[in-house]
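Accompanying notes for the structure given below.
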Amino acid sequence: MSTYDKEYDVIVVGAGHAGCEAALAAARMGHPTLLLTINLDHVAAMSCNPAIGGLAKGHLVKEIDALGGEMAKNADQTGIQFRRLNTRKGLAVQGSRSQNDRDLYRKRMKSVLESQPNLDIRQAMVDRLLVKDGKVYGVENQIHERFLSKAVVLTTGTFMRGLIHIGLDHFPAGRMGDPPSVKLSEQLKELGFELGRLKTGTTPRLNGRTIDYSGLIEQPGDENPKPFSFTTTKIPLPQVSCHITHTNEKTHDIIKQGLDRSPLFSGIIEGVGARYCPSIEDKVVRFAEKERHQVFLEPEGLDTAEVYPNGLPTSLPIDIQIRMVRSVPGLEQAEIVRPGYAIEYDYANPVQLKPTQETKLVEGLFFAGQINGTSGYEEAAAQGMLAAINAVLKIRGDEPLILERSQAYTGVLIDDLVTKGTNEPYRMFTSRAEYRLLLREENADFRLRDIGYRLGLVSDDVYRGFCKKRDEVEKLLIRLKEFKVSPEPSVLDRLKELGTAPIKTKTSLAQLLKRNEIFIEHLRVFDSKLSKIDEQVALEIETRTKYEGYIDRQEQQVRKLKQMEDMRLPEDIDYQEVHGLTTEVREKLGSVRPISLGQASRISGVTPAALMAIQIHLKRTEDGVRHSHTGKVPV
């Protein structure tokens with residue numbers, strides 16, 4: 001056994017999307033960091049769909065970027081199709097998505113990691129955490145080499161006791177082609193962590209040269225693709241189209257014929273799968289009334305023939321997979337180059353975490369990504385970044401960064417996990433955010449850029465650019481309110497041309513902009529100073545103006561609820577001594593150990609009466625302490 005002579009402040013285990021953001025955040029904050037991964041060739045691997053973002057997930061990517069992370073930039077530089085989703089609905093629920101070149105995404109992220117100061121990268125399988133007196137001080141790898149640190153961030157993905165299923169065949173793996181991590185999972189159990197099993201799956205990959213696209217629906221990207229990163233000025237790669245086809249009755253019959261050999265329906269798979277992203281066999285059984293299911297044929301890159309048939313995740317036997325694929329229009333001659341499969345893996349119930357993502361059982365140990373029961377690259381990356389930030393802040397002895405639910409989707413994500421836990425793969429949706437109108441994709445920098453800069457994750461140049469943008473928005477909002485037009489003939493004629501109602505009195509440009517049919521570019525005929533506004537600035541002004549009443553209402557709700565969030569609960573509070581609580585509520589409060597009354601209110605089963613009982617208990621405790629100091633006895 002040997003100990004590596006270089007000591008680190010932070011060690012990150014796993015180089016998936018969570019691990020990459022965690023390692024970069026710790027290193028960019030100026031702390032020596034080590035990133036350990038089983039396979040250096042699979043850094044930031046897109047194990048499932050080669051795509052970034054989507055509904056609510058795009059919000060997370062924008063937030064990572066605003067804080068100074070890398071995912072948005074990597075997606076922009078390797079994106080081969082960009083689409084804005086839900087454009088017929090309100091801005092709060094719209095989302096950005098990119099189809100990416102799988103190989104380029106991995107290579108670019110690895111290059112960024114390798115060139116990052118304060119960051120070392122090593123290929124190694126971690127078998128054990130080094131723990132003493134309830135505190136982690138490093139890790140030990142498969143060949144008994146020890147690395148010492150002040151904090152450890154575990155981002156194990158699907159690797160802990162990973163088990164791949166294809167039909168009735170199964171074998172240990174972290175993902176196809178990589179070995180699983182077994183000993184680390186065993187040690188976590190020994191340390192007292194509650195582990196469970198989850199399941200996810202992926203589609204077979206097809207040879208694009210064997211697909212007949214002639215009768216399929218082409219799905220191009222947006223004509224003017226919008227990047228994820230607030231600092232990206234140009235999308236560099238050629239843009240490609242996807243294609244749409246559908247399953248049919250024949251497809252469904254073939255799937256049903258293979259159910260007796262399905263690990264999902266024969267009881268072999270124990271892990272819980274994601275309800276929002278079921279396998280195709282699950283969809284056929286659960287939605288038997290549906291005659292067809294949509295399949296998106298998505299290119300895996302510019303220099304490969306592989307195609308990802310989004311909508312066909314499966315763990316059926318390979319002979320059934322082949323027949324199933326070839327029953328779909330356009331895929332009659334399609335060749336499978338990689339089989340679809342399901343994978344089971346261990347995760348730790350996230351209620352075992354503090355809101356900082358530090359574990360309650362082992363000091364200095366942080367969890368991020370699929371080990372917390374989440375699903376998705378974006379959820380993992382957001383957690384990885386916040387876990388590393390809090391690991392560094394803990395090492396410094398500074399206050400932790402806990403994003404509020406009204407501040408970021410990342411705050412919603414982490415609060416949901418540590419407060420409610422999960423027994424199925426958690427995925428972010430806009431419906432999970434009660435203040436989603438405040439948490440738009442486009443204003444992520446207004447919400448989080450100051451924090452990223454304060455932490456040292458955002459450069460001076462980038463921050464100056466943001467400050468300039470923010471100042472311009474504030475000045476133009478004032479100008480729109482102050483600049484007024486009169487109901488004179490020339491003005492009325494222009495309003496008529498714009499298809500909007502005439503005005504009868506002096507009206508501000510802000511009032512005109514509130515109209516559904518009026519946008520910033522229409523107001524330039526009245527005020528020439530509006531002719532050279534940056535697109536991002538214009539969008540922010542339009543949104544704030546058009547949704548002003550709704551935004552004000554949500555901000556008022558946030559202010560009202562802030563009192564509960566600010567009411568901190570003592571770490572050592574004994575809920576057995578709180579009168580008026582049921583046994584169930586006592587157990588839940590004792591398990592989660594909320595840090596505030598606001599967090600307590602979001603625990604399932606904790607009623608308003610229970611919250612009142614906690615407040616009364618705290619008041620009595622404070623009064624007792626105060627009287628003990630004065631020598632007076634409370635009446």
Side-chain angles (χ1 to χ4, degrees), residues 46-51 54 80-81 83 85 97 99-100 102 164-169 176 199-221 240-265 273-301 304-343:
M46 304 176 101
S47 305
C48 197
N49 193 356
I80 56 178
Q81 188 194 86
R83 291 187 67 226
L85 308 178
R97 183 186 187 274
Q99 192 70 25
N100 292 81
R102 181 191 299 275
I164 281 180
H165 296 269
I166 304 175
L168 300 182
D169 296 313
M176 189 67 81
K199 166 251 172 188
T200 188
T202 189
T203 72
R205 305 311 198 271
L206 310 179
N207 181 347
R209 294 195 302 271
T210 62
I211 295 174
D212 179 7
Y213 292 103
S214 60
L216 304 184
I217 302 168
E218 183 179 6
Q219 186 189 50
V240 301
S241 289
C242 297
H243 288 78
I244 300 173
T245 183
H246 296 84
T247 63
N248 51 50
E249 188 177 343
K250 182 180 178 182
T251 312
H252 300 176
D253 286 341
I254 292 169
I255 290 169
K256 290 171 185 175
Q257 291 168 22
L259 291 181
D260 60 328
R261 291 186 288 147
S262 162
L264 189 64
F265 287 92
R275 72 172 72 185
Y276 47 81
C277 188
S279 65
I280 185 62
E281 54 265 37
D282 202 13
K283 282 193 281 190
V284 167
V285 171
R286 283 168 54 192
F287 308 108
E289 74 284 357
K290 291 202 71 171
E291 295 180 356
R292 64 180 194 168
H293 295 281
Q294 202 166 45
V295 179
F296 295 89
L297 301 176
E298 301 172 340
E300 296 234 327
T304 178
E306 286 191 55
V307 170
Y308 183 96
N310 192 347
L312 290 180
T314 184
S315 56
L316 288 165
I318 187 63
D319 60 304
I320 298 293
Q321 289 190 36
I322 293 170
R323 290 172 58 205
M324 172 188 75
V325 165
R326 292 182 176 173
S327 69
V328 176
L331 307 183
E332 291 86 353
Q333 304 299 320
E335 296 285 345
I336 292 177
V337 294
R338 304 177 199 242
Y341 64 87
I343 182 167

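- One N or O on the side chain of Tyr341 and one on the backbone of Met176 form a donor-acceptor pair closer than 3.5 Å.
- Put simply, the side chain of Thr203 never gets that close to the backbone of Asn310: no donor and acceptor are under 3.5 Å apart.
- Not counting sequence neighbours, Gln321 has no partner by the side chain to side chain donor-acceptor pair (under 3.5 Å) test.
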Q.
If you apply the rule side chain to side chain contact (heavy atoms under 4.5 Å, CB included), what do you find for Gln333 with Asp212, and how did you get there?
A. CA-CA 8 Å; Gln333 304 299 320; Asp212 179 7; over 6 Å; no
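- Counting non-hydrogen atoms of other residues, nucleotides and ligands closer than 6.0 Å to CZ of Arg292 gives a total of 12 or fewer.
- Ser47 and Arg205 get closest at one heavy-atom pair: O-NH2, 3.2 Å.
- Here the SG-CD1 distance, from Cys48 to Ile343, works out to 11.0 Å after rounding to the nearest 0.5 Å.
- Taken to the nearest 0.5 Å, the CG atom of Leu259 stands 12.0 Å off from the CD1 atom of Ile254.
- Here the shortest heavy-atom pairing between Gly258 and Leu316 reads O-CD2, 3.7 Å.
- Note: Thr314 OG1 to Met324 CE = 4.5 Å, rounded to the nearest 0.5 Å.
- The shortest heavy-atom contact between Leu264 and Ser279 is CD2-OG, 3.5 Å.
- Residue pairs satisfying the salt bridge (Lys or Arg N to Asp or Glu O under 4.0 Å) criterion with at least one member in residues 241-265, sequence neighbours excluded, are listed as follows: Arg261-Asp319.
- Across Ser241 and Pro299, no two heavy atoms sit closer than the pair O-CG, 3.7 Å.
- Under the 4.5 Å side-chain criterion, counting only non-hydrogen atoms from C-beta, Phe265 is in contact with Asp282.
- In terms of modelled atom types and a separation under 3.5 Å, the side chain of Gln99 and the main chain of Gly221 share no donor-acceptor contact.
- The closest donor-acceptor contact from the side chain of Asn207 to the backbone of Val337 lies at 3.5 Å or more, if one exists at all.
- Here the CD1 atom belonging to Ile336 is positioned 9.5 Å from the CG atom belonging to Leu331, to the nearest 0.5 angstrom.
- Each salt bridge (Lys or Arg N to Asp or Glu O under 4.0 Å) pair with one or both residues in residues 325-337, not counting sequence neighbours, appears once here: Arg326-Glu335.
- Of the inter-residue distances, the one linking Arg338 atom CZ with Glu306 atom CD reads 4.0 Å to the nearest 0.5 angstrom.
- Between Pro339 and Ile318, the closest heavy-atom pair is CB-CD1, 3.8 Å.
- To the nearest 0.5 Å, atom CZ of residue Arg323 and atom OG1 of residue Thr251 are 11.0 Å apart.
- When all heavy atoms are compared, the tightest approach of Pro204 to Val325 is CG-CG2, 4.2 Å.
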Q. Would Lys290 and Lys283 count as a side chain to side chain contact (heavy atoms under 4.5 Å, CB included) if you check the C-alpha gap in whole Å, the side-chain angles of each, and the deciding distance to 0.1 Å?
A. CA-CA 9 Å; Lys290 291 202 71 171; Lys283 282 193 281 190; over 6 Å; no
Q: Would you sort out whether Glu298 and Arg83 count as a salt bridge (Lys or Arg N to Asp or Glu O under 4.0 Å), showing the intermediate values?
A: CA-CA 13 Å; Glu298 301 172 340; Arg83 291 187 67 226; over 6 Å; no
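- When atom types are taken as modelled, the side chain of Glu281 and the backbone of Ser315 share a donor-acceptor pair closer than 3.5 angstrom.
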